[in-house]
Amino acid sequence: MSEPLVQVRDLKVHFPVRGGLFGRTRGTVRAVDGVSFDVARGETLGLVGESGCGKSTLGRALLRLLEPTAGSIRIDGRELTGLSQRQLRPLRRRMQLVFQDPYASLNPRMTVGDILGEPFAIHGLARGAAREEEVLALLDAMGLPREARHRYPHEFSGGQRQRIGIARAIALRPDLVVADEPISALDVSIQAQIVNLLVDLQRERGLTYVFIAHDLKIVEYVSTRVAVMYLGRIVEVAPSRALYAVPRHPYTQALLSAVPVPDPERPPTRQLLPGEPPSPLSPPSGCAFHPRCPYVMERCRREAPPLYPLGGGHAAACFLAEGDSQRSEPAAAGTVDAASPGGAGVLAQPPSRG
Ligand code: SF4
């Protein structure tokens, strides 16, 4: 089996909270708190969870757009943490971000031709006519007219602007694309077109995606595997089909119960979660989900459950999964470290592809 393109181990991104007259540190927001996972080449890992769960912070830290507090990020075997911005520069072309708001991410004073030519200029690639050819090829691949290169971002619709944003992200043929809520700012009628464009580009160019979204139906459609985050940690990870068919963590069950099913014969089964997600500034003791969990036990208030491997690449951080974990086939060395305390350092890895 080839080495995964992305290997993340025990990644933490903490932000100090300052206040008072002298700007003293008053606390720490643990936005990402000990996350480990792999992403195989050519697959899409979906990242889901409520707003504030840390998924966007994780996506940005993965690309070193945010500074990790601790842990390891390896892309194609190369450790990214500890590299200076100068050392990172040649690696930047191999990993790109697609933004939620394409308008905010495009310079309004640059023509589309200049926006798409800029990555080549920054990295000293394809000058003159060769660069023009690259820009035209990108417009063709995005289904945009060639004359679009002479126009400005404000002259395009939201969907077209997102196509321009995607074109810029893939211009230098990256290996990894982190798509952070790439369709949530778009009209529903346009969303499917952009999702299908991303899927087609992945097939044609062998892209690897980390796809961050709160729309669970879209995530199911695009993802090979899905990781569910709660309060800075992965609480469940599984191949997409398995996660949607048999969610094992009570939080995942509640999230999925809110997805509408287009079947008038089936009554709605929505499970309402009490309360708001706790603040990452003062996470609850034990299992961070325990104040909202319908199955909470005494143990949950004291101990944090590790990510229990359940076989077939499925793992859940819930004591209710412990028994099934012991009955499942033992995980291959290095696939899931169920012994890690507190869910930190657990490994959410793709199942073997042989
Ligand atoms: Fe609920 Fe306990 Fe499982 Fe946490 S460990 S999800 S509180 S049952």
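Remember, it's 1-based here, ligands and their atoms both numbered in the order they're listed. Throughout, residue positions are numbered sequentially from 1 according to the sequence presented.
Counting only non-hydrogen atoms, the option in C293, P291, A288, G286 that gets closest to atom 1 (Fe) of ligand 1 is C293.
Both L45 and L65 are assigned to one and the same hydrophobic cluster, defined by single-linkage of ILVMFWY side chains at heavy-atom distances under 4.5 Å.
Figure legend: R292 and Y251 shown without cation-pi pairing, the cationic atom not lying both under 6.0 angstrom from the six-membered ring centre and within 45 degrees of its axis.
Of all the atoms in ligand 1, the ones that sit under 4.0 Å from a non-hydrogen atom of F319 are 3 (Fe), 5 (S). The contact set between ligand 1 and H249, taken as ligand atoms under 4.0 Å from a residue heavy atom, comprises 6 (S). Taking every heavy atom of P250 and a limit of under 4.0 angstrom, the matching atoms of ligand 1 come to 6 (S). Atoms of ligand 1 lying under 4.0 Å from at least one heavy atom of Y295, given by number and element, are 8 (S).
Salt bridge annotation for R93-D175: absent, with no cationic side-chain nitrogen under 4.0 angstrom from a carboxylate oxygen. Contact check on R225 versus E43 returns a salt bridge, with a Lys/Arg side-chain nitrogen under 4.0 Å from an Asp/Glu carboxylate oxygen. Salt bridge present: D76 and R41 bring a charged side-chain N and a carboxylate O closer than 4.0 Å.
Using a 30° and 60° split on the angle between ring planes, Y152 and H154 fall in the parallel class, below 30°.
Counting only heavy atoms of the protein, atom 2 (Fe) of ligand 1 lies nearest to C300 SG, 2.3 Å. Annotation: atom 3 (Fe) of ligand 1 to nearest protein heavy atom, C318 SG, 2.3 Å. Among protein heavy atoms, atom 4 (Fe) of ligand 1 sits closest to C287 SG, 2.4 Å.
Among the backbone and side-chain atoms of H290, none of the N, O or S atoms lies under 2.8 Å from atom 4 (Fe) of ligand 1.
Ring centroids of H249 and F289 are separated by less than 6.0 Å, placing the two rings close together.
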